[in-house]
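Below is one structure, written out as C-alpha cells; comments come after it.
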Amino acid sequence: MALPEKYKSPYESTKVEGPVYDKELNSGFFTPENLVKAFPERYNADAWTTITPPPNANGRLHAGHALDVTLKDIIGRFKRMNNKRVLMLPGSDHAGFETQVVYEKKLEKEGRSRFGMDRDILYKEIYDFTIQNKDTVAGEVKRIGASYDWSRDTFTLDEKVVSGVQDTFIKMYNDGLVYRSKRDVNWCSKHQTSLSDVETTNKELVDTFYTFKIGEFLIGTSRPETKFGDKYIVVHPTDPRYSKYSHGDTFTAEWILGETTFTIIKDESIDMEFGTGAMTITPWHSSIDFDIAKKHNLEMVQVIDENGKLMEIAGELKGLRAITEGRKRTVELLEQKGLLVEKNEKYTHVVPVCYKCETPIEPQLKDQWFVKMAPLAEKALEASKKGEINFVTDQFRKTYEYWMSNPIDWNISRQIVWGIRIPAWFKNKGTENEEYYIGHENPGAEWVQDIDTFDTWFSSGQWPVATLGFVGGKDMEYYPTQLMETGRDLVFKWVPRMVIFGLYLTGEVPFKDIYLHGMALDEKGQKMSKSKGNVMSPIDLADEFGMDALRMSLIVGSTPGNDVSMSKDKIRAYKKFVNKLWNITRFVLENTEGVNLDVNLDNDKAKRIQEVKDAIAKHINEYQLHLGAEELYHYVWHEFADVVIEDVKKDLTDENKALLKYMLKEIVTMAHPFMPFVTEEIWGDIRSEGDVELLLVKEWK
RNA sequence: GCGCGAUUAGCUCAGUUGGUAGAGCAACUCAUUUACACUGAGAAGGUCGGGGGUUCAAGUCCCUCAUCGCGCACCA
C-alpha cells in the first residue's frame, strides 16, 4: 500500500475528528452489551461504570467541562481496552433554578417577565429552550471524544426520572424523613423563591453598626429596619448585669413608633461578650432569632414582605425598600427620638446573598417541605469513616465529613415553575383547616397540587440511581458504580446527596471512588468569567489546535484536585506532539511497506516499550493521569522518535522494520485513551489483518 | 474564626514509600531540508517562601511563621 496522501502534510484535526467519532459511535461499542456480543471472551466479566455529571442544559460547554469529560474518558477508554464492560452514562440536568435564572435574563432582554406569566406557558417556553440547548451541549460533549453510551442518555425531566424522584419523596415522607414546616428560609426577593443553604453565598460588606437605647438596654444592630416588631429583649441567664430581671419581666420604653412593652427573655444562646450582651429579636427575619422565639413560644411578626419592602407595621415607612431607604428612615426616626447612641460606620460583616444575583437574602417564615438530614447524614458519614468511599483526592474527605457531621435540614421547596412538581396536594390551602395529602394522584376535586417544585439537587442527588432505572430497574446491575468524577466545587453540593440517596434507596454507596478535579483557570490562574473576558471555549480551542492537543494540555501538569491553568502555549505544545506522532507514522508507513515478519520481542526496545505501557497503566489505575500522560509524551518524543527511529534508520533491516511497526502499534495503543482521535485515525492505516478494526476495543495487555 | 490548597528555573506547573532537582513555554548557541521547521543537537537558568526539628540523608516527614487562593461559619 502506498503512503496515504494525508500523511504528506501535517495532521489536520478538523478533518479527522468528526469521522473518527462517528466511526466509534456507530460501532456500538460505547454500549457495554455490544462489547459482550462482539467479544464474549473478553467482556463477559466485570463491568466498569461511571455516571457522568449532567451538564446544565442551559448553555454552551466551558473549559471546566472539557477537563471533566477528558478525565473520565481517558479512564473509561483505558478500562474498556482492559476488558472491562465499560458503561459511561451521560445525561443532562434541567438545573431548575439555574436555568430559570438564565431564562429570566432572556425574558428581561425581551422586555418580558416571568411574574404574571401563565405557569404552563412559561414551563413550555423554558422546556423548549432547554431541549434545544441540551442537544447543543451533547454535541459538544461528543466533540471532546466522550465514549459515552448515548443510547442511555438521560434527562432529569424524563418521565421515568420524574416519577422515580417523586416516589422517593413519597417514600421519605412515609418514613418520616420529609416534613412540612413553617420555618425561616433563605428568601431571594429578586427571584421570589426560597433557596437552600448551598444556593447562597457570602458577601463581605462594610455597613454601619448602630447602637440604640431601649429603656436602660443598649441594643446593637446592623439592621434597624427590621426592628419595628421587636418586643423582646434577650439576655444570657447568668449575665450579672441583668440579674435583677427575671425571665418574663416586662417594662415599657420609647421605641420607633412610640411607647412599647418589652419582655425580658433569658436564653443561653446569647454571647455575653458581644456588645452589651443584650439583643432584641426579629424571629420572622432571622433563623437564629426564630430558634429562640420558637423555644420560648414568642410572637413572630413579619416586617418585610416578599419583595423586600417594609410592611404595614412600619407605619409611614410602609412600602419602602427595607435595606436601603427603609433603613435610612428608620435610623432618622430613632435619632429624632434621641434613641441613637452610636454609629460605627466601618462595621465589616458578611451577609448571605443569592449566589446568582447577589441580592441579600431576606429570611422569611414560610411553609415548605424539608428533608430531615440528621439520620441520613449519619449514615453518609459512617460510610466514609468505614472506608466505603475512597476519596482519590483525599483532601476533600474532611470537607465531606465536616458537612455530614453538621447537617442542617434541607428545604426542598422552590417557588419556581421550572422543575419537578412536588407530589403534594392541599385542601383549604392557607386556611386554618388546611390539609395535605402526599401521592401521585389528585385525591379529589377540592384538592390542588402544591405549586412549588423540587430543589434541583433533590433530583440530581438521585442521579446514579435514577439513570440506572431506580431500584428494580433494568440497569441496576451496574450499581454500585466504580467512579464518580466531578468538580471539587460539588464536594458538598452534590456528592453527599448522592451518597445519602444511594444509601437510603439501595443500602449501598453509589460509587467506590470519588475523584474531584479542580477548576480550569486562565493562564494567569484566574477564574474564567464572561465579565473578565477570559473564557476559553473548548470547542473553539479544539478548532484551532485539535481536541487531542486540548485533552493532553488539560491532563499534563494537572494533579488531582488542584486547579489547572490553561494557556494557548500549552495547547500548542501538544498540537506539536500530535503532529510528531503523525510524522512518526509517516516514517513507519514509508519504510515498512510490505513487511510482514513476526516480531522478535526479546530485545531491549520491545521490552522497554512494554515497560512504558505498564507504567502508564499503573498511573491510570492510580488516577495519576498526569504522570501517565507525561510518561507517554517523553517516551514517544524523546525515546522513540529521537533515539529509536534515529537508530533504526541507519539499519533498516526487515527485522527492524517489523519491530518499528510493532512499536508504533503499541504506541497508539497506549496513547489512545489520552488522544483518541489521532490514534484511531492512525490505527486505521497501520492495523494488520486479524487486528480489531477499532483501537477503541483493542486489547491493552 | 475553622478547614483545604498553594509557595520549586523568567512564566505555567510536575516531582507517588525521604537518596545530591524535572517538563512545557520563553530566552540563548549551533545544525539547514531531515520521517517531521508543528524539526534536530547543545548550553544556560533554581541556596525548592522564611525559621526550627527528626534523619546518615529532607523539595519530600513534623512544628512554626509569612504571603496568596478557595471553601465554610459567624454574632445581634
Side-chain angles (χ1 to χ4, degrees), chain A residues 3 7-11 197-198 200-202 209-211 218-223 226-227 230 233-235 269-282 286 288-289 292 347 349-352 393-403 406 408 488-489 491-493 516 518-519 521-527 545-546 549 552-553 555-591 618-619 622-624 626-627 629-631 633-634 637-638 641-642 645-646 648-649 660:
Chain A
L3 179 72
Y7 289 99
K8 290 178 183 164
S9 50
Y11 175 66
D197 297 280
V198 297
T200 67
T201 181
N202 295 322
F209 188 79
Y210 303 90
T211 306
L218 292 178
I219 301 297
T221 184
S222 58
R223 300 211 55 194
T226 65
K227 299 294 168 196
D230 289 6
I233 305 276
V234 190
V235 297
S269 63
I270 294 295
D271 178 0
M272 283 190 272
E273 306 293 314
F274 188 87
T276 58
M279 71 175 200
T280 62
I281 55 168
T282 313
S286 154
I288 295 165
D289 295 2
I292 296 171
Y347 177 66
H349 66 152
V350 177
V351 297
T393 37
D394 206 52
Q395 68 264 35
F396 297 115
R397 185 187 294 277
K398 266 196 176 172
T399 312
Y400 171 93
E401 291 188 352
Y402 173 80
W403 211 257
N406 298 278
I408 302 167
R488 61 135 214 262
D489 52 328
V491 62
F492 53 82
K493 281 188 179 133
L516 294 162
M519 304 289 107
L521 308 174
D522 75 359
E523 61 254 279
K524 290 173 195 152
Q526 294 184 315
K527 264 190 185 167
F545 301 104
M552 280 295 282
S553 78
I555 298 305
V556 179
S558 147
T559 40
N562 289 322
D563 294 347
V564 54
S565 278
M566 296 182 66
S567 76
K568 286 197 173 187
D569 278 344
K570 190 172 175 188
I571 305 168
R572 195 175 290 115
Y574 292 102
K575 183 186 176 188
K576 290 184 184 178
F577 178 57
V578 171
N579 194 55
K580 188 76 182 177
L581 185 57
W582 191 249
N583 279 310
I584 287 170
T585 306
R586 173 179 172 176
F587 177 80
V588 172
L589 285 174
E590 275 177 341
N591 290 289
K618 182 168 177 284
H619 291 316
E622 290 169 357
Y623 297 109
Q624 301 282 335
H626 63 295
L627 296 180
E630 205 171 289
E631 182 96 23
Y633 180 93
H634 281 101
W637 201 310
H638 298 301
D642 292 350
I645 288 188
E646 293 305 321
V648 170
K649 220 191 238 176
L660 267 186

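This structure is a prediction, so every number in the text was calculated from the model and none was measured. Chain identifiers are assigned alphabetically (A, B, ...) following the order of the sequence lines, protein sequences preceding nucleic acid strands; residue numbering begins at 1 within each chain.
Residues A/Ile292 and A/Met279 have side chains in contact (heavy-atom distance under 4.5 Å, counting atoms from C-beta outward). When side chains are defined from C-beta on, A/Ile233 counts as touching A/Ile219, because their heavy atoms get closer than 4.5 Å. At a threshold of 4.5 Å between non-hydrogen side-chain atoms, the residues A/Ile270 and A/Val235 do not count as touching. No side-chain heavy atom of A/Met566 sits less than 4.5 Å from a side-chain heavy atom of A/Leu521. The side-chain heavy atoms of A/Leu660 and A/Phe587, taken from C-beta on, include a pair separated by under 4.5 Å.
Spacing between atom CG of A/Leu521 and atom C1' of B/rC68 amounts to 14 Å, rounded to whole angstrom units. Atom CD1 of A/Ile288 is separated from atom C1' of B/rC75 by 7 Å (rounded to the nearest Å). Protein atom NZ of A/Lys580 is 10 Å distant from nucleotide atom P of B/rC36, rounded to whole Å. For the pair A/Asn406 CG and B/rC74 P, the interatomic distance rounds to 11 Å; values are reported in whole Å. Whole-Å rounding puts the A/Ile645 CD1 to B/rU39 P distance at 15 Å. In this structure, the CZ atom of A/Arg572 is 17 Å from the P atom of B/rU12, given to the nearest Å. Atom C1' of nucleotide B/rA35 and atom CZ of A/Phe577 are separated by 16 Å, given to the nearest angstrom. The nearest whole Å value for the distance from the CD1 atom in A/Ile219 to the C1' atom in B/rC75 is 14 Å.
Across all strands, A/Trp582 comes closer than 4.0 Å to no nucleic acid atom at all (heavy-atom distances). Among the atoms of the strands shown, none is found under 4.0 Å from any heavy atom of A/Asp563. Across all strands, A/Tyr7 comes closer than 4.0 Å to no nucleic acid atom at all (heavy-atom distances). Counting non-hydrogen atoms under 4.0 angstrom, A/Thr280 reaches the backbone sugars and phosphates but no base.
Listed nucleotides B/rA35, B/rC74, B/rA76 differ in distance to A/Ser222; the shortest reach to its side chain belongs to B/rA76. Listed nucleotides: B/rA76, B/rC38, B/rA35. Nearest to the side chain of A/Ile270: B/rA76. For A/Lys527, whose side chain is taken as the heavy atoms from C-beta onward, the closest listed nucleotide among B/rA76, B/rA41, B/rG71 is B/rG71. Picking from B/rA76, B/rU16, B/rC36 the nucleotide with the shortest atom distance to the side chain of A/Asp271 gives B/rA76. Among the nucleotides B/rA76, B/rC38, B/rA35, the one closest to the side chain of A/Arg586 is B/rA35. Which of B/rC74, B/rA76, B/rA35 sits closest to the side chain of A/Thr221 comes down to B/rA76. Checking B/rA35, B/rU16, B/rC13 against every side-chain atom of A/Phe587, the shortest atom distance belongs to B/rA35. Closest approach to the A/Trp637 side chain among B/rC74, B/rU39, B/rA35 is made by B/rU39 (side chain taken as heavy atoms from C-beta onward). For A/Val350, counting side-chain heavy atoms from C-beta on, the closest listed nucleotide (B/rA35, B/rC36, B/rA73) is B/rA73.
Residues forming a side-chain hydrogen bond (donor to acceptor under 3.5 Å, both in side chains) with A/Tyr633 (at least two apart in sequence, or on another chain): none. Shown here are the side-chain hydrogen bond (donor to acceptor under 3.5 Å, both in side chains) partners of A/Arg586, two or more places apart in sequence or in another chain: A/Glu590.
Interatomic distance, A/Thr399 OG1 to A/Arg488 CZ, rounded to the nearest 0.5 Å: 10.0 Å. Atom CZ in A/Phe492 sits 4.5 Å away from atom CH2 in A/Trp403 (nearest 0.5 Å). Put simply, CG on A/Leu516 and CG on A/Asn562 are 11.5 Å apart, with the number rounded to the nearest 0.5 Å.
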note = For RNA chain B, the dot-bracket notation using Watson-Crick and G-U wobble pairs below 3.5 Å, [ ] for pseudoknot-type crossings and | for other-strand pairs, is (((((((..((((.....[..))))..((((.......))))......(((((..]....))))))))))))....
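Taking atom P on both nucleotides, B/rA57 is separated from B/rG53 by 12 Å, rounded to a whole Å. As rounded to the nearest Å, B/rG49 and B/rC56 have C1' atoms that lie 27 Å from one another. Taking atom C1' in both B/rC4 and B/rA73, the straight-line distance is 15 Å, to the nearest Å. Taking the C1' atom of each, B/rG22 and B/rA35 are spaced 28 Å apart, rounded to whole Å. With both ends at atom P, the span from B/rU32 to B/rU47 equals 37 Å, rounded to whole Å. When the C1' atom is used for both B/rU64 and B/rG71, the distance is 24 Å, rounded to whole Å. With C1' as the reference atom, B/rA27 and B/rG42 are 15 Å apart, rounded to whole Å. B/rC2 and B/rA58 have their P atoms separated by 32 Å, with the value rounded to a whole Å.
Between A/Thr559 and A/Ile584, the residue anchored nearer the 5' end of RNA chain B, judged by the nucleotide with its closest heavy atom, is A/Thr559.
Between A/Asn202 and B/rA73 there is a side-chain N or O to OP1 or OP2 distance below 4.0 Å. The side chain of A/Ser565 contributes an N or O atom lying less than 4.0 Å from OP1 or OP2 of B/rC13.
Smallest separation of non-hydrogen atoms from A/Thr393 and A/Gly561: CG2-N, 3.5 Å. Smallest separation of non-hydrogen atoms from A/Gly518 and A/Asp563: CA-OD1, 3.5 Å. Residues A/Asp230 and A/Lys227 share a closest heavy-atom pair of OD2-CD, 2.7 Å. Nearest heavy-atom pair across A/Pro352 and A/Asn202 is CA-OD1, 4.0 Å.
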Find every protein N or O atom lying less than 3.5 Å from an N or O atom of nucleotides 1-9 of chain B, and list the pairs.
from  : atom 1 : to       : atom 2 : distance (Å)
B/rC4 : OP1    : A/Lys398 : NZ     : 2.5
B/rG5 : O2'    : A/Asn562 : OD1    : 3.4

Pick out the pairs of N or O atoms, protein on one side and nucleotides 21-26 of chain B on the other, that lie under 3.5 Å.
from   : atom 1 : to       : atom 2 : distance (Å)
B/rC25 : O2'    : A/Asp569 : OD2    : 3.1

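Identified under the salt bridge (Lys or Arg N to Asp or Glu O under 4.0 Å) test for residues 570-582 of chain A, with sequence neighbours left out: A/Asp569-A/Arg572.
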